[in-house]
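The block underneath contains the structure these notes are about, expressed in structure tokens.
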Amino acid sequence: MTVDKAQQPLEQLIANRRAKLNELKEMGIEPYPSRFRVDESVGAVRERFGEVPAEELEERTPEVRIAGRLQALRGHGKAAFADLSDGSARIQLHLKKDRLGEERWKVFKLLDLGDFIGVEGVVFRTRTGELTVAVDELTVLAKSLRPMPEKYHGLTDREARARQRYLDLLSNPESRYEFELRSRVVSAIRRFLESHGFLEVETPMMHPIPGGATARPFVTHHNALDLELYLRIAPELYLKRLLVGGFERVFELNRNFRNEGISTRHNPEFTMLEFYWAYADYELLMEFTEELVTSVALETVGSLDLPWGEETIHFGRPWRRLTLRDAILEYSDLGPEDLSDRPRMEAAARRLGVERIEERSDGKLLAELFEVTAESRLIDPTFIMDFPRDISPLAKSVPGDPDTVERFELFIGGLEVANAYTELNDPLEQRRRLEEQVKAGGGTLDEDFLLALEHGMPPTGGEGIGIDRLVMLLTSRASIRDVILFPLLRPRDGD
RNA sequence: GGGCCGUUAGCUCAGGUGGUAGAGCACCGGACUUUUAAUCCGAUGGUCGCAGGUUCGAGUCCUGCACGGCCCA
């Protein structure tokens, strides 16, 4: 292989591979064929012969036909070992010049790490006991033109792993495992809800009025209608319309979009489960949430004790329940008197470093106090209950206590994982609350939603669960970027 | 938004106090027909993130910027 010395090192590596590509073509070999019949996965081969002793394999000489990516090469002169990986597993290949013949041996010598190949051969065991395919037939399925990440360490640079996720997935098995786990989590949640009579629905992602949460939306525009539209910040108000329409148990498991900052806990688009259950209330939802999360954890990671940084999260039921107020008192040196009126709350907030104190409502201030004192310390699953009404415009008040609502948030590993209410279904009260919010500077009144409520919505419990954060907990990953395949990153120069 | 840290070969990483930029893997050549992070021998490979500054001389010191990581708000 002649190499142009003036080229950059990466270009030289690519040039080497392109030269091999051309040699293959000159031999009349199509390096990107349309199809190759695969009889079984590598995993299936391992399953079939994993326990079969060497002598029996020698007798049976079982033939297999498999395909995958070449991940390692160990040459031995006129023979070689290689590792072939497909989506299911890895298996060793043994290639011998005398067994393959001149032509196929020449093809083999033109392969690089990362190439996809199909092989036909006989399963045997090496003297060290490794299950191996002695290759008889070799087909190039796709030539790779760029070098693979380092074989032992894989790709470790966090930025590169996120930007070129495919390299992360193919060189870091644990990364692949975590994303497979994510998929199993989502699947397990769907099965759990379906088995409890919930119907999966799809409501609009583009809203004429952003609602259902307080967050800045992404704005887009529909040309034909000349209409401003907002990517949804929550599906809540549409799902409730379905309760009005007579669906009693619905869920939606899909993306929300919030035009806010990016952090280890926030990505602008994130996956949320929201479900609504007629005739349920927040007490029932707490039990249901415990059951949902523990059964999903057992089904996917198979344990209720999961490592989280230096700590261990114990998912065993029942989970702790604590009012917002009690949580503040327990996790700070504040006493009940510090929360008894506005001036004392402000003084406490100032002492704890809360910013923009004056512009926050009483309820918001209480929530802030919770965030700075208790939130990060709630490691084992904890329901924080009974939120101030003025920060919960869609939740029903606690009977006899109009300033407090039947709402809980679930915290695990210091992360807010779920948010649920006994839903407000009194249309007149709902109008007052939303008008209050609009007056305080919070968006536009959704008259269409109020119209629906006026037709009657049954008493309902509703909940949202942040799926990315749940996956973070189940995979012990501290950053949301590690559980989203393609997290939003700032484009690099030249992109 | 603030603080700290990082950015060196395709990948993984070294490079006290400023003095011609290194290793391992990969790649290339050679030896090797049961290895598995194969081994052995040899060779190639660099805009040291970018732009300025200080200096006889900057990967190293200073400033700014970009991207990323962690922490704080």
Side-chain angles (χ1 to χ4, degrees), chain A residues 1-20 54 57-58 70-85 90-101 105 108-115 122-135 144-164 167-168 170-173 260-266 309 349-350 352-357 360 368 371-373 375-376 414 477-482 487-495:
Chain A
M1 230 85 10
T2 52
V3 165
D4 179 358
K5 292 266 166 53
Q7 283 176 323
Q8 290 297 303
L10 176 59
E11 269 69 55
Q12 288 182 17
L13 295 173
I14 294 170
N16 285 339
R17 288 174 178 243
R18 294 191 66 144
K20 293 180 187 175
L57 287 173
E58 227 166 287
L70 212 50
Q71 297 264 54
L73 267 173
R74 295 176 289 280
H76 291 265
K78 295 180 178 62
F81 289 97
D83 290 344
L84 187 74
S85 288
R90 178 206 70 91
I91 197 164
Q92 178 167 266
L93 307 179
H94 194 209
L95 303 106
K96 292 198 285 187
K97 189 177 181 183
D98 52 12
R99 182 165 186 144
L100 284 170
W105 182 252
F108 168 66
K109 298 306 276 182
L110 292 171
L111 294 178
D112 286 296
L113 293 182
D115 290 354
V122 173
V123 179
F124 75 107
R125 253 176 226 291
T126 63
R127 68 161 73 123
T128 57
E130 171 108 17
L131 199 69
T132 303
V133 176
V135 176
S144 159
L145 298 180
R146 283 175 184 266
M148 299 269 287
E150 209 252 4
K151 64 182 172 185
Y152 186 58
H153 301 89
L155 194 65
T156 64
D157 181 76
R158 300 281 294 272
E159 183 181 357
R161 289 175 59 188
R163 286 192 196 275
Q164 289 184 281
L167 293 181
D168 176 36
L170 70 89
S171 68
N172 300 319
E260 309 277 355
I262 296 176
S263 77
T264 49
R265 294 182 295 277
H266 300 87
R350 210 163 288 123
L352 290 162
V354 176
E355 289 183 339
R356 302 195 303 279
I357 290 169
R360 299 184 191 275
E368 282 294 325
E371 277 183 34
V372 298
T373 58
E375 182 170 316
S376 65
R477 305 302 311 208
S479 172
I480 199 168
R481 283 188 178 184
D482 295 334
L488 184 67
L489 298 174
R490 201 182 286 269
R492 286 183 303 186
D493 287 354
D495 283 7

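For the numbers below, each heavy atom of this structure counts, side chains included, while hydrogens, waters and symmetry mates do not. In what follows, chains carry the letters A, B, and so on, assigned in the order in which the sequence lines appear, proteins first and then strands, with residues in each chain numbered from 1.
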So which atom in A:L93 and which in A:V135 form the shortest heavy-atom distance, rounded to 0.1 Å?
CB-CG2, 3.9 Å
Using the P atom as the reference point in each nucleotide, state the distance between B:G2 and B:U44 in Å, no decimals.
48 Å
Taking the nucleotide of RNA chain B with the nearest heavy atom to each, does A:K109 or A:V354 sit closer to the 5' end?
A:K109
Winner on side-chain proximity to A:H76, out of B:G10, B:U35, B:G68, is B:U35
Can you tell me if the side-chain N/O atoms of A:R74 get under 4.0 Å from OP1 or OP2 in B:A38?
yes
Could you check whether A:R481 gets within reach of a base, just the sugar-phosphate, or nothing at all, counting any heavy atom under 4.0 Å?
sugar-phosphate
Touch check for A:S171, heavy atoms < 4.0 angstrom, all strands: base, sugar-phosphate only, or nothing?
nothing
For B:U60, which nucleotide is its Watson-Crick or G-U wobble mate, given both distances must be under 3.5 Å?
none
Side chain of A:L155 (C-beta onward), nearest among B:U33, B:C11, B:C70:
B:C11
Under 4.0 Å between any heavy atoms, over every strand shown, what does A:D83 touch: base, sugar-phosphate, or nothing? Just pick one.
nothing
P atom, B:G15 versus B:A9: distance in rounded Å?
15 Å
Candidate nucleotides B:C28, B:U33, B:U35, ranked by approach to the side chain of A:T126 - the nearest
B:U35
Can you tell me, in whole Å, how much space there is between the C1' of B:G24 and that of B:C71?
33 Å
Quote, to the nearest angstrom, the C1' distance that separates B:A37 from B:C25.
9 Å
Write down the distance between NE2 (A:H266) and P (B:C72), rounded to a whole number of angstrom.
14 Å
Rounded to whole angstrom, note down the P distance from B:U60 over to B:A51.
13 Å
Return the value, rounded to whole Å, for the distance between atom CZ of A:R163 and atom P of B:G69.
9 Å
Measuring from the side chain of A:K20 (C-beta onward, heavy atoms only), which nucleotide among B:U33, B:C28, B:G24 has the closest atom?
B:C28
Measure CZ/A:R127 against P/B:U34 and give the value in whole Å, please.
6 Å
Under a 3.5 Å cut-off for both distances, is B:G1 Watson-Crick or wobble paired, and to whom?
B:C72
So what does A:R158 hit on the nucleic acid, given a heavy-atom distance under 4.0 Å: a base, only sugar-phosphate, or nothing?
sugar-phosphate
Can you measure A:L10 atom CG to B:U44 atom P for me and round it to whole angstrom units?
20 Å
Between A:K151 and B:A37, does any side-chain N or O lie under 4.0 Å from OP1 or OP2?
no
Note: A:W105 and A:K78 closest approach over all heavy atoms is CH2-C, 3.5 Å
Would you kindly give the CG-to-P distance between A:D157 and B:C11, to the nearest whole Å?
8 Å
Nearest heavy-atom neighbours spanning A:G114 and A:M148
CA-SD, 3.5 Å
Interatomic distance, A:L352 CG vs B:C72 C1' [rounded to whole Å]:
15 Å
Look at the side chain of A:Q92 against the base of B:U35 and say whether a donor-acceptor pair falls under 3.5 Å; ignore hydrogens and angles.
yes
Starting at the 5' end of RNA chain B, which residue's closest nucleotide do you reach first, A:A72 or A:P147?
A:P147
Evaluation steps, salt bridge (charged side-chain N to carboxylate O under 4.0 Å, His left out), between A:D482 and A:R161:
CA-CA 9 Å; A:D482 295 334; A:R161 289 175 59 188; 5.5 Å; no
Taking atom C1' in both B:A43 and B:U55, what distance in whole Å separates the two?
37 Å
Show the nearest heavy-atom pair for residues A:R17 and A:P147, with the distance to one decimal.
NH2-CA, 3.8 Å
Return the pairing partner of B:G42 with a 3.5 Å limit on both distances, Watson-Crick or G-U wobble; otherwise return none.
B:C28
Sugar-phosphate only, base, or nothing, as touched by A:G154 at under 4.0 Å among non-hydrogen atoms:
sugar-phosphate
Using the C1' atom on both, measure B:G16 against B:C72 and round to a whole Å.
33 Å
What's the CD-P distance between A:E11 and B:G46, to the nearest Å?
11 Å
Could you check how far CG of A:L13 sits from C1' of B:A9, rounded to whole Å?
9 Å
Examine distances only and state if a side-chain atom of A:E150 and a backbone atom of A:H153 form a donor-acceptor pair shorter than 3.5 Å.
yes
With rounding to the closest Å, how many angstrom separate the C1' atoms on B:C56 and B:G64?
26 Å
Watson-Crick or G-U counterpart of B:U54, or none if no pair lies under 3.5 Å:
none
Please tell me if A:T156 has a side-chain N or O lying less than 4.0 Å from either OP1 or OP2 of B:C11.
no
Set of ring pair (Phe, Tyr, Trp, His ring centres under 6.0 Å) partners for A:H266, sequence neighbours left out
none
Below the 4.0 Å mark, does B:G68 have OP1 or OP2 next to a side-chain nitrogen or oxygen of A:R161?
no
With sequence neighbours left out, what residues match A:R90 under salt bridge (charged side-chain N to carboxylate O under 4.0 Å, His left out)?
A:D83, A:E130
If pairing requires Watson-Crick or G-U wobble contacts with both distances under 3.5 Å, which nucleotide is the partner of B:U20?
none
